Amino acid sequence: MPRVHDVPLCRQLITPAEWAHHGGWALGDRIEWSNRACGLASLRAILLAYGQDAPTVTELLKLAVKHEVLTPRGALHAGIASLADDLGVQSVAEPVPVEGLLARMDSAPLIVSVTEQLPEDGRSGGHLIILRGYEDGPDPQILFRDPSAWGQTHDRVPLSRLAASYTGRAITFAPLVHNGES
């Protein structure tokens, strides 16, 4: 029986109040940073799912800058995995073929690299989302959390659609324990 992991939805758009409260102004433009924060918003949701203290996205951005995790396009997968480890959730940035995603989701959610809004036109990568479970079927429905604005109204797609924009790169996590069982 497939498992669906309870992972909250965290937005990558940083509110002006959060930005001001946590000193984000020292980093520069809030909207520019928000557009690159999908991986860090996904990391925040993972931390919450594992019951860890979860810094705000602004605080995670400051950590990412300090540890040189960011590129002009966003956070490095290995850097996000390293931050997760530092914040109490064991993780690894590694290739996971599309054929291996369902088995991986049985024990833990994953952060994966896809194209925003999961188009089927062959573009792949550039945006990070959380895969949190699936529903069996001929083309299994993948349940996800997407920190972008589009993700506020979309939370599932067929595996075939996900596969069309998936890069094969993921951040995997230690098994997530549910009520005493892994």
Side-chain angles (χ1 to χ4, degrees), residues 5-96 100-101 104-105 107-116 124-133 143-149 151-152 165-178 182:
H5 303 285
D6 186 21
V7 178
L9 179 60
C10 293
R11 295 201 61 189
Q12 72 187 62
L13 178 62
I14 303 164
T15 66
E18 175 189 321
W19 193 246
H21 181 74
H22 295 288
W25 49 266
L27 297 174
D29 184 68
R30 176 183 63 87
I31 297 298
E32 181 182 325
W33 282 103
S34 290
N35 288 336
R36 296 171 37 200
C38 57
L40 298 172
S42 294
L43 173 58
R44 183 171 197 282
I46 290 290
L47 293 169
L48 291 168
Y50 279 79
Q52 299 296 317
D53 288 332
T56 66
V57 174
T58 302
E59 291 171 310
L60 288 170
L61 275 168
K62 289 169 76 176
L63 281 173
V65 167
K66 178 181 176 183
H67 295 285
E68 299 180 349
V69 169
L70 296 170
T71 71
R73 291 190 62 202
L76 298 168
H77 296 120
I80 292 172
S82 178
L83 287 175
D85 286 342
D86 291 349
L87 295 167
V89 179
Q90 186 180 19
S91 63
V92 177
E94 61 184 329
V96 176
L101 291 174
R104 292 291 186 110
M105 281 187 276
S107 64
L110 313 167
I111 295 177
V112 297
S113 179
V114 297
T115 303
E116 193 167 351
S124 63
H127 183 60
L128 297 179
I129 66 172
I130 300 167
L131 303 186
R132 64 185 199 90
L143 308 175
F144 64 89
R145 294 287 190 226
D146 179 344
S148 74
Q152 306 310 296
S165 74
Y166 174 55
T167 64
R169 296 185 348 235
I171 302 166
T172 60
F173 299 93
L176 181 57
V177 177
H178 297 273
S182 60

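Side chains included, hydrogens not; waters and symmetry mates left out as well; all remaining heavy atoms used. The structure displayed is predicted, hence computed values, not measured ones.
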Any donor-acceptor N/O pair, [X] side chain to [Y] backbone, under 3.5 Å:
| X | Y | result |
| --- | --- | --- |
| Arg36 | Ala75 | no |
| Ser113 | Gly125 | no |
| Arg169 | His77 | no |
| Asp6 | Ala49 | no |
| Tyr50 | Ala174 | yes |
| Thr115 | Ser124 | yes |
| Glu59 | Thr56 | yes |
| Arg132 | Pro109 | no |

Minimum side-chain heavy-atom gap [X]-[Y] below 4.5 Å:
| X | Y | value |
| --- | --- | --- |
| Ser91 | Asp85 | yes |
| Val112 | Leu101 | yes |
| Leu63 | Asp86 | no |
| Gln12 | Val57 | no |
| His127 | Ser148 | yes |
| Ile80 | Leu128 | yes |
| Pro147 | Ser42 | yes |

Quick one: [atom1] on [X] to [atom2] on [Y], what's the gap to the nearest 0.5 Å?
| X | Y | atom1 | atom2 | value |
| --- | --- | --- | --- | --- |
| Leu61 | Leu27 | CG | CG | 6.5 Å |
| Ile14 | Asn35 | CD1 | CG | 9.5 Å |
| Asp53 | Arg44 | CG | CZ | 10.5 Å |

Stepwise side chain to side chain contact (heavy atoms under 4.5 Å, CB included) check, Ile130 with Phe173:
CA-CA 11 Å; Ile130 300 167; Phe173 299 93; over 6 Å; no
Qualifying residue for side chain to side chain contact (heavy atoms under 4.5 Å, CB included) with Val89, from Leu83, Leu176, Leu47, Leu43:
Leu47
Nearest heavy-atom neighbours spanning [X] and [Y]:
| X | Y | result |
| --- | --- | --- |
| Asp146 | Gln152 | O-NE2, 3.8 Å |
| Ala64 | Leu70 | CB-CG, 3.8 Å |
| His5 | Ala108 | NE2-N, 3.3 Å |
| Ala93 | Ala81 | N-CB, 3.8 Å |

Pair Leu13, Arg30 - check side chain to side chain contact (heavy atoms under 4.5 Å, CB included), show working.
CA-CA 9 Å; Leu13 178 62; Arg30 176 183 63 87; 4.0 Å; yes
Can you confirm whether His67 is buried at NE2, in the sense that more than 12 heavy atoms of other residues, nucleotides or ligands lie under 6.0 Å from that atom?
yes
Any chance CD of Gln90 has more than 12 other-residue heavy atoms, nucleotides or ligands included, within less than 6.0 Å?
no
Do the charged groups of Glu18 and Arg11 touch, with an N to O distance under 4.0 Å?
no
Go through it in stages, so that I can follow the logic: the residues are Trp33 and Thr58, the test is side chain to side chain contact (heavy atoms under 4.5 Å, CB included), and I'd like the CA-CA distance, side-chain angles, deciding distance and then a yes or no.
CA-CA 9 Å; Trp33 282 103; Thr58 302; over 6 Å; no
Run Leu87 and Gln52 through side chain to side chain contact (heavy atoms under 4.5 Å, CB included) and show every step you take.
CA-CA 7 Å; Leu87 295 167; Gln52 299 296 317; 5.9 Å; no
